[in-house]
Every structure is written in C-alpha cells, then in structure tokens.
Engineer: 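Got a structure for you, questions after.
Throughout, residue positions are numbered sequentially from 1 according to the sequence presented.
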Amino acid sequence: MSTAQTPVAPVAQKNAEVALKDRGNLFEIATKQIEKAMKLINMEPDIAQIIGQPKNELIVNFPVRRDNGRIEMFKGYRVQHNNILGPYKGGMRYHHEANLDEMKALASWMTYKSALHEIPFGGGKGGIKFDPRQYSKTELERITRRFTAALGTNIGPDHDIPAPDVNTNSQTMVWMMDTYMNIAGASDRNTVRGVVTGKSVSAGGSHGRAEATGQGVVHCITEWAKDTGFNLDGCHVIIQGFGNVGSYAARLLSQKGAVILGVGDVGGYIANSEGINPHKLGEHVHKSGSVAGYKGASKITREEFFALDAHIFVPAALELEVGVAEAKALKVKMMVEGANGPTYPEAEEILLEKGIAVIPDILCNSGGVIVSYYEWLQNKRAEQWEMADVLGRLERRMKQTYQNVRQYALAQKTDWRTASYAIGLERLQHVYKERGIFP
Ligand code: GLU
C-alpha cells in the first residue's frame with residue numbers, strides 16, 4: 001500500500017508501531033516541502049536540479065559473525081547529499097526499517113540545517129538496516145566496526161563526518177573512530193579523531209554534545225515563550241520518544257518548571273496528571289529499554305496521548321509520526337520538532353489552521369550538529385572547551401537563528417518551515433552562483 005496519497009498513517013492503534021514503509025516516501029515528502037521554499041526565493045531551476053538529488057548514494061553489504069558463531073549479512077547506507085558549504089555531515093542510525101529514500105531525505109535535511117545555522121558543513125546521513133535491540137554489545141561492536149571498514153575512505157574528518165542518530169550513541173561513535181584510526185595508519189592516527197562527532201569526552205568528544213539537541217529544542221521553546229508572553233513554569237508538556245533528544249528535553253524543561261504530562265516511545269505511552277519525573281523515567285528506560293511499565297505513571301493509548309491537555313508537544317522519535325489524525329487530536333499551543341521530519345505536510349496545514357506554532361526540525365533540532373561542529377573544531381585544534389563555553393555558544397547560535405527565521409517568516413508572510421528552508425537555500429544558491437560547476 002502506498003500512503004503517499006493517504007497521509008493518515010500512524011492512525012492510533014493500541015500502541016502499535018506503524019511500519020515506516022507504510023508511512024509514505026520520505027524523500028518525496030522532503031522534496032515537496034523544499035519546492036515551496038524554492039518557489040519563494042525564485043531559485044534558479046539549474047541550481048534546484050543540483051540540490052534536488054544527493055551527490056552520492058552508497059550501499060554496502062557486509063558480513064558479521066554473531067555470538068553463536070553464525071555469519072549474518074548486513075546492509076549499510078551512507079547518502080552524501082551536498083558538500084558545497086563544507087564536508088558532508090550527519091548521523092548514522094540503526095533501525096530495522098532503514099532504507100535509501102529515508103536516508104536521502106534525512107541527508108538533504110542535514111544540508112539545509114547546516115546552511116540555515118551557518119555551519120560550514122554539508123549534509124549526509126546513513127546507517128544500518130537492523131534492530132539493535134536484538135543484538136549483544138559485542139555483536140554491536142563488531143557490526144559497527146565492520147560497517148566502518150566497509151565505508152573506508154568514503155568517510156573522513158574533512159570529507160564526511162558521521163554522528164549519533166536513532167539508536168546510536170557515543171559508544172557507537174568511539175568504535176567508529178577507533179576503527180577508522182586503525183585503518184588510517186600509525187602516523188595519521190591522531191589527526192583523524194574528528195572523523196566522527198558525538199564521541200565520549202574521554203575519547204575526544206565535546207562537553208555538552210550528549211544533551212545538545214534537547215538543549216537546542218529547549219532554547220527554541222524559551223524564545224517562543226518570551227516572544228508570545230507564555231509562562232513555562234507549570235505548563236504541560238507531552239514528549240514522543242525518550243532517547244538522545246526527548247530525555248534531555250524533558251529534563252531541561254522540568255528544570256524550567258514544566259510538567260511532563262505524557263511520554264511515549266516504541267514500547268507504549270504513559271501519562272500522569274501530577275507530572276512524570278524525567279530522571280526516574282530515564283533510569284527506567286535505561287534498564288528496560290522503553291517507557292512502558294514505568295511505575296510513576298499510568299499506561300494510556302497512543303490516541304489518548306495525542307489528545308492530552310498539554311501546551312507543548314515535542315515529537316522526538318521517528319519521522320512521519322504526526323498525520324492528519326494526530327494533528328486533529330492535538331490540543332497544544334506549539335509543536336517543536338525534536339525528530340527529523342515527524343510531520344506530514346497535510347498534518348502541518350491542519351496544525352497551522354488550528355493556530356498551533358510549528359517550530360520545524362531544521363531550526364530546533366540543530367543543537368546536535370552545532371555542538372558537533374564545536375567538537376570538530378576542538379579536535380582540529382587539539383583543545384577541550386569548557387562546558388559553559390560550549391553551552392554559551394550553542395545558546396547564542398540557536399537564539400540568533402530562531403530570530404532570523406521569525407523575522408523572515410513575518411516579512412515573507414510564510415510558515416516557519418518554509419522560512420527556514422528559504423534562508424538555507426539562499427545561502428546555497430549564492431555559493432553555487434559564485435562557484436559555478438566544474439568543468
Ligand atoms: N543526528 C543528528 C541530526 O540529525 C546530529 C547530526 C550531527 O551531529 O552531525 O541532526
């Protein structure tokens with residue numbers, strides 16, 4: 001079934017995960033979004049053609065030995081969308097439904113994200129099609145190392161720089177770095193530390209990187225609250241996804257006095273009208289792998305989650321989770337896209353008609369790649385910046401871009417997603433005009 005014409009998917013079924021393949025083609029959706037912004041800035045058709053496709057689409061199939069001695073084949077991806085503003089940059093995700101069109105869309109969003117925030121990076125995305133929950137830690141290490149070896153010199157600190165994404169973390173990045181270092185050879189070993197970002201601090205990562213995406217989301221919420229005179233203290237928040245992004249957003253929001261009313265993830269949805277303690281929930285998720293079964297809240301359905309009486313919704317799970325049904329159900333004042341591409345275009349129209357502020361992914365979930373840029377700079381300079389320094393820089397950049405998008409959207413009378421793309425596209429167009437194409 002193709003849902004490209006019927007974007008109603010993730011219809012509330014009892015905590016069921018709707019297969020990604022049934023959610024529509026993500027690259028087609030990304031193209032539709034970007035075309036609106038291309039029209040707005042009168043982008044030259046030749047440049048639109050170049051940007052409309054990724055430069056490179058790499059698929060590698062590689063064998064790994066399981067703990068039981070058997071060999072299993074894995075399929076890995078790396079899509080390099082564009083590098084006119086700097087090296088390809090973007091996450092590596094491990095997911096059983098990973099596919100090429102998804103990677104193409106996600107890689108293109110990285111290009112626009114970096115362009116919007118004026119980070120000297122291009123866009124890339126990749127990963128492996130498998131369910132990491134079904135594998136032991138030693139298997140995960142072998143899978144990660146063999147994938148890195150299969151990519152070989154297709155990645156590199158000045159060429160293409162992976163980072164964590166869905167179901168990957170600092171440990172994944174440290175394995176990738178170590179493998180790449182060993183392939184690079186003894187004399188280059190310490191100059192290639194920046195081949196990946198999102199590493200642990202001890203292995204050359206940056207302070208503040210782990211919480212950076214959640215932190216960036218919260219900076220956008222804070223700016224919005226300031227602009228609209230909204231009081232975050234005591235407000236109600238619902239969060240979908242409790243991983244790299246959602247768990248930190250929850251902690252930082254509760255520090256501002258927000259009440260976490262409901263949370264959901266792949267295992268199910270929970271709610272507590274008195275508020276959910278994000279630290280305790282974090283411990284539970286760490287142990288059990290999901291928010292399901294958390295003692296400090298009651299189990300609810302996916303349908304009930306979207307209809308909760310909240311002010312702020314942070315989708316921080318997978319793409320295409322907010323369809324028409326979810327948009328109709330949501331009662332919030334604002335939605336801040338911690339995930340990449342969580343919203344169907346048709347659902348966004350409904351949200352905007354309802355007067356719900358939609359803060360788009362490339363604006364608000366960019367804290368990760370911004371601090372990745374700081375990590376990369378620290379690696380190049382063999383420096384270790386202090387936490388306060390990193391967080392201060394991140395805050396200034398997030399707030400600056402937020403205000404740029406706000407002003408652009410007001411001046412052009414357009415939505416914030418289109419405004420965000422348009423700013424990024426103008427930068428890309430400018431450089432393409434200046435440089436031309438080879439030969
Ligand atoms: N995976 C994150 C994202 O989608 C971070 C990418 C990075 O740090 O390169 O923005």
Engineer: Taking only Lys NZ, Arg NE, NH1 and NH2, and the carboxylate oxygens of Asp or Glu, determine whether Glu326 and Arg302 approach each other closer than 4.0 Å.
Structural biologist: yes
Engineer: Determine yes or no for a side-chain-to-main-chain donor-acceptor pair under 3.5 angstrom, with Ser206 supplying the side chain and Glu375 the backbone.
Structural biologist: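 No, the answer is negative, given that no donor and acceptor are paired below the 3.5 Å cut-off.
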Engineer: Could you check if a side-chain atom of Gln384 sits within less than 4.5 angstrom of a side-chain atom of Gln378, using non-hydrogen atoms only?
Structural biologist: yes
Engineer: I'd like to know if Glu283 pairs up with Lys280 as an ion pair, taking the criterion as any Lys NZ or Arg NE/NH1/NH2 lying under 4.0 Å from an Asp or Glu carboxylate oxygen.
Structural biologist: no
Engineer: Taking the side chain as C-beta and beyond, is there a heavy-atom pair between Lys55 and Asn83 under 4.5 Å?
Structural biologist: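 Result yes, sub-4.5 Å side-chain heavy-atom pair found.
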Engineer: Do Phe147 and Tyr94 have their ring centres less than 6.0 Å from each other?
Structural biologist: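 Between Tyr94 and Phe147, which both carry aromatic rings, the centre distance is not below 6.0 Å.
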Engineer: Does Glu97 pair with Lys129 as a salt bridge, N-O distance under 4.0 Å?
Structural biologist: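 No, no charged N to carboxylate O under 4.0 Å.
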Engineer: Do the non-hydrogen side-chain atoms of Val195 and Ile161 ever get within less than 4.5 Å of each other?
Structural biologist: no
Engineer: If we ignore hydrogens and angles and just use 3.5 Å, is the side chain of Asn404 paired with the main-chain N or O of Gln407 as donor and acceptor?
Structural biologist: no
Engineer: Is the shortest side-chain N to carboxylate O distance from Asp160 to Arg78 below 4.0 Å?
Structural biologist: yes
Engineer: Under 4.0 Å between a Lys/Arg side-chain N and an Asp/Glu carboxylate O for Arg23 and Glu321?
Structural biologist: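 Salt bridge between Arg23 and Glu321, a charged N being under 4.0 Å from a carboxylate O: yes.
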Engineer: Before you tell me yes or no, could you show the steps for Thr197 and Arg209 under side chain to side chain donor-acceptor pair (under 3.5 Å), namely the whole-Å CA-CA distance, both residues' side-chain angles and the distance that decides it to 0.1 Å?
Structural biologist: CA-CA 9 Å; Thr197 58; Arg209 176 61 183 83; 4.8 Å; no
Engineer: With a 4.0 Å cut-off, would you call Glu304 and Lys299 a salt bridge?
Structural biologist: no
Engineer: Does Asp361 pair with Arg417 as a salt bridge, N-O distance under 4.0 Å?
Structural biologist: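 Salt bridge: yes.
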Engineer: Any heavy-atom pair between the side chains of Val166 and Asn244 that's under 4.5 Å?
Structural biologist: no
Engineer: Just jot down the salt bridge (Lys or Arg N to Asp or Glu O under 4.0 Å) partners of Arg406, sequence neighbours excluded, or say none.
Structural biologist: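 For Arg406 the salt bridge (Lys or Arg N to Asp or Glu O under 4.0 Å) partners, ignoring immediate neighbours, are Asp227.
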Engineer: Given Glu44 and Lys433, is the salt bridge (charged side-chain N to carboxylate O under 4.0 Å, His left out) satisfied, shown in steps?
Structural biologist: CA-CA 9 Å; Glu44 289 184 9; Lys433 277 191 180 162; 3.4 Å; yes
Engineer: Working note: Lys399 + Glu395, criterion salt bridge (charged side-chain N to carboxylate O under 4.0 Å, His left out); need CA distance, chi angles, decisive distance, verdict.
Structural biologist: CA-CA 6 Å; Lys399 293 190 170 174; Glu395 181 171 0; 2.7 Å; yes
Engineer: Show me the donor-acceptor pairs, under 3.5 Å and distance only, between side chains in residues 33-42 and residues at least two apart or in other chains.
Structural biologist:
{"unit_1": "Gln33", "atom_1": "OE1", "unit_2": "Trp109", "atom_2": "NE1", "d": "3.4"}
{"unit_1": "Gln33", "atom_1": "OE1", "unit_2": "Tyr421", "atom_2": "OH", "d": "2.8"}
{"unit_1": "Lys36", "atom_1": "NZ", "unit_2": "Asp415", "atom_2": "OD1", "d": "2.7"}

Engineer: Flag the pair His95 / Phe130 as yes when their ring centroid distance falls below 6.0 Å, and as no otherwise.
Structural biologist: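 No - the distance between ring centres of His95 and Phe130 does not fall below the 6.0 Å cut-off.
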Engineer: State whether Asp158 and Lys380 are salt-bridged, where the test is any N-O pair (Lys NZ or Arg NE/NH1/NH2 against Asp/Glu carboxylate O) under 4.0 Å.
Structural biologist: yes
Engineer: Given the side-chain rings of Tyr88 and Phe121, with only the six-membered ring counted for Trp, is the space between their centroids under 6.0 Å?
Structural biologist: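 When the ring centroids of Tyr88 and Phe121 are compared, they turn out to be at least 6.0 Å apart.
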Engineer: Hey, are Ser290 and Ser288 close enough side-chain-wise for a donor-acceptor pair under 3.5 Å?
Structural biologist: no
Engineer: Please work out which of the three classes, parallel, tilted or perpendicular, describes the rings of Phe313 and Phe305, given edges at 30° and 60°.
Structural biologist: perpendicular
Engineer: Do the side chain of Tyr180 and the main chain of Ile155 share a donor and acceptor less than 3.5 angstrom apart?
Structural biologist: yes
Engineer: Using a 6.0 Å distance limit plus a 45 degree cone around the ring axis, check whether Arg393 lies over the aromatic ring of Trp385.
Structural biologist: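 Cation-pi check for Arg393 and Trp385: passes.
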Engineer: Does the pair Glu353/Lys328 count as a salt bridge with the N-to-O cut at 4.0 Å?
Structural biologist: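 Between Lys328 and Glu353 there is no salt bridge, as every charged N stays at least 4.0 Å from the carboxylate O atoms.
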Engineer: Is it true that Glu319 and Arg93 have a side-chain N and a carboxylate O under 4.0 angstrom from each other?
Structural biologist: yes
Engineer: Taking atom types as modelled, is there a side-chain donor on Glu426 or Tyr408 under 3.5 Å from an acceptor on the other?
Structural biologist: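 A donor-acceptor contact under 3.5 Å links the two side chains.
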